[in-house]
Amino acid sequence: MTQLTADQYDTFKELINIGVGRAAGMLNAMLETHVHLQVPDVFALNRDQLEAEINTYGGDTVSAVRLTYSGAFSGATSLIFPPSSAAKLVSVLTGEDPPAEDEDLDALRVGTLTEVGNVVINGVMGSVTNVLKQRLHYSLPTYIDDTIKALIALNRFQEDATIIMARAHFHVDALQIDGSIVLWFEMGSLNTLLDAIDKLNQDLL
Amino acid sequence: MQFQQSEHLFMVLDDVPLGFFAINRDYEIIFWNRQIEYWTGNTREDMLYTAVGDHFPHLTQPRYTTRLAGIFTGGPPVVFSSQLHHHIIPVRHKEDQLRVQHTTVTPVTIPGSEICHALFSIQDVTEVTQRIKDYSDMRNQALAEVQERKKTEQRLRESETELRALFAAMPEMILLVNRTGVVERLINAGEFANRLRTDQLVGRNTSDLLPDHLVDEVNTAITRALSEHKTVDVEYMGQFQRGDYWLKAAFSPIDSDHVICVVRNISEDRLAQQRATQLAIEREKATLVGDFIQAASHDFRTSLSVMNTNLYLLERTTDSEKRVERRARLKQQVNHVEELVDSLLTIYRWETTTHHLNPGRFQVQSMLNNLEIGLADRIAAKNVEVAFESTDIVLPIYADEIELTRALRAIVENALHFTQEGHITVSARSDGEALYLIVDDTGIGIKGEEHENIFKLFYKVDKARTHQVGGLGLGLSIAERVVKAHRGRIELSSIPGEGSRFSIILPNALNDSVMG
């Protein structure tokens with residue numbers, strides 16, 4: 001597992017914060033409701049640690065929006081919520097009544113959550129690609145409602161691969177909704193990104 | 001040249017059932033597919049190479065342009081969901097409705113070039129949106145109904161709790177009983193709880209729980225309540241180890257096969273009533289005895305006073321004619337006192353011992369004749385015509401002549417007391433089985449409510465008036481006792497102000513089986 005230096009952590013946190021800040025700006029331009037996005041913590045985890053972290057949400061499944069990319073730098077970025085939080089977020093953004101506890105999101109709500117995830121993930125990926133200065137090929141954003149194990153299994157990486165996870169707090173009106181932004185990197189991609197970050201830090205010095 | 005290449009690049013999208021259009025970084029339309037032509041009515045020829053803002057100004061607003069900026073540099077796709085945007089291209093669906101669209105914008109690079117265009121793929125989700133809305137409305141309505149049902153259930157539970165508390169505080173036992181008498185539910189055992197356990201009652205038939213003599217009454221009440229659709233009240237009396245008890249039960253139909261039976265122990269009420277009745281009787285007796293003593297004293301004192309006066313005058317007169325008159329008056333008063341004493345002794349015998357009749361055969365006409373002679377002085381003293389009619393009964397009757405004469409005499413004397421003018425008729429007849437001794441008068445008559453009372457001991461209908469006419473109020477009481485001893489009865493019919501008829505009826509008086 002790749003260990004991150006303190007500078008790398010700080011840079012990652014800043015990159016993600018810049019990305020979610022831009023995303024929040026876009027959401028506020030789109031919506032009548034004011035959205036405030038915060039990323040207080042960034043962690044470097046292996047898959048077991050990630051699974052344990054996500055499991056702290058409780059429940060058997062998660063709702064996630066996932067965007068994969070390839071090119072000089074390959075992987076996937078996901079925005080993950082507990083299903084009930086996802087439903088709350090959609091409801092507060094659309095002004096509709098939330099679905100029942102045991103009810104899945106309908107196609108329209110899935111579309112809405114996909115757009116919210118799309119805005120956040122695009123913001124984060126915009127920051128990352130700015131550092132990499134590389135153009136990537138992106139898939140369409142997809143919505144996934146499944147177990148965290150199944151979500152992890154969608155990604156191709158080494159057993160001891162390092163996964164970057166950032167806690168994301170959405171403040172919408174008086175409601176706080178917690179989710180996670182997870183950056184999964186295919187083999188060598190994290191190192192590519194860390195090299196770029198190191199170079200950026202050196203340039204700044 | 002580039003436009004033509006891009007147009008060619010997108011041509012394949014003409015055959016896809018989605019709306020597609022593409023713009024370049026200058027926001028000029030470079031592709032417009034058949035589907036979107038169909039939706040909008042705008043042809044590709046009209047739309048190509050025109051500014052998209054000229055047709056759809058909202059797409060040039062920052063909320064779109066900031067999202068789309070990355071597309072032109074090869075950034076990630078952008079999603080415009082139907083709930084947050086409703087539509088990218090306004091397309092009429094029905095009269096006042098626009099199609100709902102879910103749009104994805106992806107970067108498309110011209111081969112051999114670094115230039116990226118934005119390809120809008122528009123999915124019509126109008127139908128899905130409507131169906132989801134219908135489902136949501138239906139679900140919300142169902143949830144509202146569930147909530148209302150829960151509230152109603154809660155209110156019912158609260159009401160049930162209140163009712164149970166109310167029932168628990170009630171002394172009544174409440175049963176749900178079906179048509180066949182089976183107890184289906186015991187709502188409140190009330191004060192009967194100590195005596196009967198719920199599990200001893202529920203599921204059992206009332207015929208197993210009640211004494212035999214009550215089963216028919218209960219079944220009849222249940223049947224009546226169900227057939228007449230009304231509450232049937234019944235009172236029962238029974239005996240327990242602690243003594244007599246009275247129950248009052250109300251059977252109310254609640255459907256075609258069930259009644260609610262509310263049972264209340266009214267023993268205390270009944271016992272209180274009995275005590276009150278007994279007390280009233282005792283008081284009445286005390287009053288009657290007081291009246292009797294007063295009346296008897298008055299009668300005795302009057303007679304004694306008359307006797308004293310006549311004795312005084314007898315001693316002081318030498319006139320033989322006056323002496324005869326005085327002696328006659330003395331004799332009259334002595335007779336009166338004898339009658340009073342005789343009445344008292346007679347009623348004493350009837351009240352304190354089992355009086356035995358001394359029956360024999362005698363002629364009714366003979367009895368009537370003797371009675372007429374015995375009453376001659378009294379009749380003569382009244383301004384009333386008294387007729388003793390001849391009877392056609394020739395066969396002797398079998399009775400206690402002395403007692404029967406006493407009874408008939410009491411009735412005739414009663415008629416004489418209360419008849420001031422007109423006439424009195426005494427007759428005897430037979431219908432072949434019973435003997436009828438009838439006394440008709442044209443006296444003051446007796447009100448209906450007094451008919452039962454006049455045969456009571458010492459009873460006087462009009463105390464003020466009867467003081468004037470004298471007597472102890474024993475005659476009719478003695479008459480009734482005599483007639484009952486002959487297994488007969490006295491019937492009375494009377495019209496106040498017009499007169500009365502007393503009928504002594506002796507069934508089978510013409511044979512030997514009349515005596516008790």
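Atoms considered below: every heavy atom in the structure, side chains included; atoms not considered: hydrogens, waters and symmetry mates. Every chain is numbered from 1 and lettered A, B, ... according to where its sequence line falls, protein lines coming before strand lines.
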Under 4.0 Å between a Lys/Arg side-chain N and an Asp/Glu carboxylate O for [X] and [Y]?
| X | Y | answer |
| --- | --- | --- |
| B/Asp137 | B/Lys133 | yes |
| B/Glu145 | B/Arg149 | no |
| A/Asp106 | A/Arg109 | yes |

For chain B, the option from A/Met125, A/Glu96, A/Met26 that forms the most heavy-atom pairs under 4.5 Å: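 Option with the top pair count is A/Met26.
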Chain B contacts, top residue of A/Leu108, A/Asn122, A/Leu31, A/Leu27 (heavy-atom pairs, under 4.5 Å): A/Leu108
B/Gln154 and B/Glu158: side chain donor to acceptor below 3.5 Å: yes
Backbone of B/Val79 reached by a side-chain donor or acceptor of A/Asn118 within 3.5 Å: yes
Residue pair A/Asp41, A/Arg167: steps toward the salt bridge (Lys or Arg N to Asp or Glu O under 4.0 Å) verdict: CA-CA 6 Å; A/Asp41 299 307; A/Arg167 291 280 188 202; over 6 Å; no
Chain B contact via [X] - which portion, at a heavy-atom distance below 4.5 Å:
| X | answer |
| --- | --- |
| A/Leu136 | backbone |
| A/Val110 | neither |
| A/Thr112 | both |

Top contributor to chain A interface from B/Val100, B/Val78, B/Thr66 [non-hydrogen pairs under 4.5 Å]: B/Val78
Test applied, side-chain hydrogen bond (donor to acceptor under 3.5 Å, both in side chains); reference residue, A/Glu115; option that passes from B/Gln83, B/His102, B/Arg67: B/Arg67
Check whether [X] gets within reach of chain A through its side chain, its backbone, both or neither, counting any heavy atom under 4.5 Å.
| X | answer |
| --- | --- |
| B/Tyr135 | side chain |
| B/Gln123 | neither |
| B/Thr109 | side chain |
| B/Thr104 | side chain |

